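A quick note: this is a predicted structure, and the numbers were derived from the prediction, not measured.
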Amino acid sequence: MADKSVSNKDLKLLKKHNIKIHVRSIFLQGLLMIKLDDLPKKFVRFKRYWKIFENSLEKFKIDRETGLLTYVFNNKIIDYVVIGHSNVSQLKLIKKIKSQNPKNFFPKIKSRSEKKYLLRPYNW
């Protein structure tokens with residue numbers, strides 16, 4: 001089966017037809033929570049993206065959770081976000097970040113060739 005990605009253009013068309021957009025796995029199954037120095041071997045080739053991300057977190061003085069959650073909370077195409085949590089403190093942190101409504105700082109990182117691998121956990 002061919003891999004068919006949904007583009008922003010596709011999502012906007014769905015929204016135009018009043019279809020609600022739900023997203024999940026916003027932390028890429030926890031991968032985005034891993035620090036640069038702790039990346040598993042098979043992800044080392046993406047090190048430059050982690051560096052850009054971590055530099056942006058440092059520049060804006062925010063933590064990973066805030067940066068990643070802000071990205072989805074500020075995306076006007078997304079109607080609902082499914083977020084897993086392990087304990088009440090994580091749930092409270094998610095609620096706090098959502099209520100603060102911080103500005104989206106997320107750096108633009110584009111790589112067409114690597115995107116298919118990195119953004120689809122079933123490829124790992």
Side-chain angles (χ1 to χ4, degrees):
M1 181 165 96
D3 184 25
K4 297 282 184 175
S5 295
V6 177
S7 68
N8 261 1
K9 184 178 174 182
D10 297 329
L11 293 174
K12 286 177 185 176
L13 180 64
L14 291 172
K15 290 288 285 187
K16 185 177 177 180
H17 287 87
N18 295 318
I19 295 172
K20 301 288 183 190
I21 308 298
H22 300 236
V23 297
R24 64 181 181 84
S25 194
I26 62 167
F27 301 127
L28 284 179
Q29 298 183 355
L31 181 63
L32 294 176
M33 298 305 292
I34 297 172
K35 293 185 179 182
L36 176 66
D37 294 334
D38 298 326
L39 273 180
K41 270 188 177 178
K42 64 182 171 182
F43 297 107
V44 171
R45 71 183 193 189
F46 302 108
K47 213 172 184 173
R48 65 183 173 276
Y49 303 122
W50 260 254
K51 186 113 176 108
I52 292 168
F53 180 55
E54 289 184 357
N55 286 343
S56 296
L57 292 173
E58 191 175 308
K59 177 181 175 186
F60 288 93
K61 296 176 178 38
I62 58 176
D63 57 49
R64 281 178 135 57
E65 294 88 350
T66 301
L68 293 166
L69 289 167
T70 297
Y71 179 75
V72 294
F73 290 155
N74 285 319
N75 189 323
K76 295 185 187 328
I77 293 175
I78 298 170
D79 295 297
Y80 299 100
V81 182
V82 177
I83 303 171
H85 59 87
S86 299
N87 54 51
V88 174
S89 64
Q90 287 178 350
L91 187 59
K92 286 179 181 178
L93 177 63
I94 293 165
K95 183 180 175 188
K96 179 182 173 188
I97 292 168
K98 174 68 173 154
S99 68
Q100 290 173 341
N101 196 23
K103 297 280 187 228
N104 190 2
F105 86 103
F106 214 82
K108 299 284 185 210
I109 300 173
K110 293 189 178 188
S111 169
R112 292 175 191 222
S113 61
E114 296 175 330
K115 187 166 97 171
K116 286 183 180 181
Y117 178 82
L118 185 60
L119 297 182
R120 291 172 181 82
Y122 60 81
N123 287 327
W124 307 343

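Legend: salt bridge (Lys or Arg N to Asp or Glu O under 4.0 Å) pairs involving residues 64-75, not counting sequence neighbours, sorted by first then second residue: Glu54-Arg64.
The distance from atom CZ of Phe53 to atom CG of Leu68, rounded to the nearest 0.5 Å, is 4.0 Å. Atom OG1 of residue Thr70 and atom NZ of residue Lys98 lie 10.0 Å apart, to the nearest 0.5 angstrom. Here Thr66 contributes atom OG1 and Leu93 contributes atom CG; the two are 6.0 Å apart, rounded to the nearest 0.5 Å. Here the CD1 atom belonging to Ile94 is positioned 4.5 Å from the CD1 atom belonging to Ile83, to the nearest 0.5 angstrom. Between Arg45 atom CZ and Lys47 atom NZ the span is 14.5 Å, to the nearest 0.5 Å.
With sequence neighbours excluded, the residues satisfying side-chain hydrogen bond (donor to acceptor under 3.5 Å, both in side chains) with Ser89 are Asn87. Taking Lys42 as the reference, Tyr117, Trp124 meet the side chain to side chain contact (heavy atoms under 4.5 Å, CB included) condition, with sequence neighbours excluded.
When side chains are defined from C-beta on, Lys92 counts as touching Val88, because their heavy atoms get closer than 4.5 Å.
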Enumerate donor-acceptor pairs with a distance under 3.5 Å from any side-chain N or O in residues 11-40 to protein atoms, sequence neighbours excluded.
| from | atom 1 | to | atom 2 | distance (Å) |
| --- | --- | --- | --- | --- |
| Lys15 | NZ | Asp79 | OD1 | 2.6 |
| Lys15 | NZ | Asp79 | OD2 | 3.0 |
| His17 | ND1 | Leu13 | O | 2.9 |
| Ser25 | OG | Gln29 | N | 3.3 |

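For the pair Ser56 (side chain) and Ile52 (backbone), a donor-acceptor distance under 3.5 Å is present.
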